[in-house]
Every structure is written in C-alpha cells, then in structure tokens.
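Residue numbers begin at 1 in each chain, while the letters A, B, ... track the order of the sequences. Keep in mind the model is a prediction, meaning the values are calculated, not measured.
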Protein chains: 2
Amino acid sequence: MEKQEDKLAELLVQNGLKRTLPRLKVLDILSKRDSATSQPFLEKVMGSDADRVTLYRILQTFEEKGIIHKVLDGQGTANYALCTTGCSQHEHHDEHLHFNCRNCQRVYCLDAVRIPRIKTPPGFSVENISLTAVGLCSYCSDNKSE
Amino acid sequence: MEKQEDKLAELLVQNGLKRTLPRLKVLDILSKRDSATSQPFLEKVMGSDADRVTLYRILQTFEEKGIIHKVLDGQGTANYALCTTGCSQHEHHDEHLHFNCRNCQRVYCLDAVRIPRIKTPPGFSVENISLTAVGLCSYCSDNKSE
DNA sequence: TTAAGTGCAAAATCTTTGCAAATGT
DNA sequence: ACATTTGCAAAGATTTTGCACTTAA
C-alpha cells in the first residue's frame with residue numbers, strides 16, 4: 001500500500017512542481033487537519049522550516065494549481081484546505097458549507113451540507129458561490145461555559 | 001415631508017452619536033449607493049473630508065451601533081452597507097445573498113434571495129450565516145466582451 | 001547544469017494606538 | 001464647559017517585490 005507521504009509528493013510532481021521540503025511540510029500539515037488552516041497558524045507550525053515569504057508563495061502556487069483552496073473566515077483571514085479530487089487549475093469544486101468557529105477560529109469544510117441551488121436575479125451571472133456560517137464548533141461548545 | 005438628510009442625521013442622534021461632518025458624509029455616500037461600498041472606495045470619495053483613521057473609526061462605530069453592516073468580498077476586503085430597519089446594536093439581519101462582481105468589485109445586497117434554511121451537523125451551532133456569490137453583474141456583463 | 005525555488009532585506013499596504021487640538025451639544 | 005470626535009504622527013501587522021544563493025531534477 002502506498003504511503004500517505006508519497007501521495008503528497010505525487011501531488012507536486014503531477015503539477016510540475018519540484019518536491020521541496022517546505023512544500024512537503026505544508027502538504028503534510030494540511031493533510032493532517034480536519035479543518036481549513038489559517039495562514040498565521042501555518043506560519044507558526046512551519047517554524048523555521050520555511051520563511052514567511054516562502055509560505056506566501058507556496059500557498060499561492062498551490063492555489064493556482066488547484067491543490068488547495070482558500071476560504072476566508074469571518075474576519076477575512078485566509079484559510080487553506082487540501083482540495084478533494086475533482087479540483088484542477090481551472091475548476092474548483094468547493095460548494096459546501098464552511099463553518100467558522102468564533103472561539104477557536106477553525107474553519108470546517110462540511111461536505112455533507114451542499115449549497116442549495118439558488119435563482120439569481122436576471123443580469124447577475126454566478127460563477128462561484130460560498131456559504132459560510134459563524135458559530136461555535138462542537139469542541140468549543142463542550143469546553144466553554146458562557 | 002422629511003428630508004433624506006434629516007433622516008440620516010437622526011440616525012446619529014438615535015444612537016447617541018454626535019452629528020459631525022465626516023459622519024454625515026459617510027451616511028450620505030452609503031445612502032446613495034445601490035451596493036455595499038468598500039473601505040478603499042469610501043476613502044477615495046471622502047477625500048479630505050475625513051482622515052483615513054477617522055474613517056476607520058466611523059465605520060467601526062457605525063457597525064457596533066447597528067447602523068451599517070460589513071460584508072467581506074471575495075478578496076476579504078470590507079464593504080459596508082446601511083442596515084435596513086430591523087438591525088440594532090445587538091442583532092443584525094443580513095441574511096440575503098451578497099453578489100460580488102469580479103469586474104467592478106461591487107457587492108450587491110440581493111434582498112430578494114434569502115438564505116435557504118440549512119441543517120447543520122450536530123455539535124455545530126450557527127449564530128450567523130452568509131451566502132456570497134462571485135460573478136459578473138448586469139452592468140459589467142453588458143459592457144464587457146470577453 | 002540549470003531552471004525552479006528559497007531566504008533575506010526592504011518596500012508597500014493596511015490597520016491600530018496615543019494624544020493634543022477641535023467640535024458638537 | 002466638557003465629553004466626544006477628529007487629525008496627525010507613529011507603531012504594528014500583513015503582504016509584495018527584488019535579487020543573490022541554493023537545490024531538485
């Protein structure tokens with residue numbers, strides 16, 4: 001059976017990207033999280049494994065290639081998550097509910113909740129749509145008494 | 001019949017805010033637009049009628065009082081729109097589709113399109129939800145040939 | 001070997017903070 | 001007169017750009 005690590009490296013090769021340490025580490029971090037990860041958090045976890053500027057560039061490249069996608073949380077901070085299969089450089093499929101916890105700031109991709117089809121007024125052509133909820137996630141509602 | 005101008009000034013008084021020139025101008029600008037207005041745009045239009053810092057503070061105060069609400073566009077830039085009646089310091093009602101034109105960057109509040117009720121997975125309690133579409137608005141699709 | 005990728009320094013933005021002067025009531 | 005609000009200066013934070021050095025293929 002193929003190792004997870006190899007799958008991630010393969011993602012790079014498939015997209016014509018070199019297999020570098022900073023890139024592999026970003027993929028490793030993202031693959032182990034159950035929610036989208038913010039730029040600041042990534043920066044912290046990367047530590048000295050990548051310069052801040054390098055991280056910006058990696059995230060940008062990955063997004064362009066369709067390896068990750070960006071979700072903005074309630075404060076407008078960028079959060080990143082690995083794309084599911086079906087995303088490519090030209091087409092992102094990310095049409096599910098994003099849940100942003102106001103306590104821990106995590107952004108969950110709730111694939112189970114699809115965005116309902118909506119009818120836009122004439123003249124407005126929708127190319128992309130996102131549904132984002134803000135509230136308390138399970139962990140935070142359990143561990144908080146307000 | 002009461003003048004529009006007075007209505008705006010009244011908004012300030014009702015919220016215990018002083019009727020200052022910069023504040024009136026912000027209200028005036030917002031009241032004349034059919035879409036939410038970005039911070040950068042406001043800054044430009046205000047010109048020398050308010051310092052950049054003053055604008056930040058006005059927008060923050062207005063948002064806290066429930067006079068305006070903030071909508072983030074696809075890039076995470078803050079856009080502001082006057083609240084409809086029914087918003088207060090403690091409760092914002094803004095649950096309609098926001099349409100962000102990728103060409104002119106305008107953010108339209110499409111009150112006609114309400115956010116469908118959705119069922120969140122157990123453990124996630126939703127306090128606020130937003131639906132944002134990105135695409136081309138009527139003006140831009142008419143005036144562009146791509 | 002050599003194109004792609006990284007790290008560092010520095011610029012450009014964007015946002016916040018502190019405080020004295022100005023303003024509305 | 002007095003609490004609010006503003007403007008300016010300066011600090012912080014975030015993001016971008018340029019370029020020489022390093023590294024994967």
Could you work out, with side-chain contact (heavy atoms from CB on, under 4.5 Å) as the rule, every residue matching [X], not counting sequence neighbours?
X: I118(A); value: T120(A), I129(A), L97(B), V113(B), P116(B), L131(B)
X: Q60(A); value: E64(A)
X: L17(A); value: L12(A), N15(A), R23(A), T61(A), F62(A), K65(A), I67(A)
X: S38(A); value: P40(A), F41(A), T77(A), N79(A)

message = Applying side-chain hydrogen bond (donor to acceptor under 3.5 Å, both in side chains), can you list everything that pairs with R52(A), at least two apart in sequence or on another chain?
response =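 If we apply the side-chain hydrogen bond (donor to acceptor under 3.5 Å, both in side chains) test to R52(A), skipping adjacent residues, the hits are E43(A).
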
Quick one: [X] [atom1] to [N] [atom2], roughly how many Å, whole number?
X: N15(B); N: dG24(C); atom1: CG; atom2: C1'; result: 17 Å
X: L59(A); N: dG5(C); atom1: CG; atom2: P; result: 14 Å
X: Q60(B); N: dT17(C); atom1: CD; atom2: C1'; result: 12 Å
X: K25(B); N: dT23(C); atom1: NZ; atom2: C1'; result: 19 Å

task = Return the 5'-most residue of the pair G76(B), L17(B) with respect to DNA chain C, ranking by each residue's nearest nucleotide.
result =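 Between the two, 5'-proximity favours G76(B).
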
task = Could you say whether Y56(B) or K18(B) is positioned toward the 5' end of DNA chain C, judged by the nucleotide with the nearest heavy atom to each?
result =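 That would be Y56(B).
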
message = Once ring pair (Phe, Tyr, Trp, His ring centres under 6.0 Å) is applied, do any residues pair with F124(A), and if so which ones, sequence neighbours excluded?
response =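 F124(A) satisfies ring pair (Phe, Tyr, Trp, His ring centres under 6.0 Å) with F99(B), Y108(B) only.
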
query = Among all residues two or more places apart in sequence or in another chain, which pass the ring pair (Phe, Tyr, Trp, His ring centres under 6.0 Å) test with Y80(B)?
reply =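 Y80(B) satisfies ring pair (Phe, Tyr, Trp, His ring centres under 6.0 Å) with no residue once adjacent residues are dropped.
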
Along DNA chain D, first and last positions that approach a heavy atom of chain B under 4.0 Å =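 Listed 5' to 3', the contact boundaries are dA3(D) to dA9(D).
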
message = Which residues pass the salt bridge (Lys or Arg N to Asp or Glu O under 4.0 Å) test with D51(A), not counting sequence neighbours?
response =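 Counting only residues at least two positions away or on another chain, D51(A) forms no salt bridge (Lys or Arg N to Asp or Glu O under 4.0 Å).
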
ask   = In the hydrophobic clustering that connects Ile, Leu, Val, Met, Phe, Trp and Tyr at side-chain heavy-atom distances below 4.5 Å, which members other than V71(B) occupy its cluster, ordered by chain and number?
value =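 Direct or chained contacts put V71(B) with V107(B).
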
ask   = Taking five pairs at each end of the helix from dT1(C)-dA25(D) to dT25(C)-dA1(D), what angle separates the two helix axes (nearest 10°)?
value =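 The value is 30°.
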
Every protein N/O lying under 3.5 Å from an N/O of nucleotides 6-9 of chain C:
residue: dT6(C); atom: OP1; partner: T20(A); partner atom: OG1; Å: 2.8
residue: dG7(C); atom: OP2; partner: D51(A); partner atom: N; Å: 3.0
residue: dG7(C); atom: OP2; partner: T54(A); partner atom: OG1; Å: 2.9
residue: dG7(C); atom: N7; partner: R57(A); partner atom: NH2; Å: 3.1
residue: dG7(C); atom: O6; partner: R57(A); partner atom: NH2; Å: 2.7

C104(B) versus C137(B), closest heavy-atom pair with distance =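 Between these two residues, the closest heavy atoms are SG-SG, 4.0 Å.
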
task = For Q39(A) and for T61(B), find the nucleotide of DNA chain D with the closest heavy atom, then tell me which residue's nucleotide is more 5'.
result =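 Nearest nucleotide further toward 5': that of T61(B).
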
ask   = What distance do L8(B) atom CG and I29(B) atom CD1 have between them, rounded to the nearest 0.5 Å?
value =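 Spacing of CG (L8(B)) from CD1 (I29(B)) equals 11.5 Å.
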
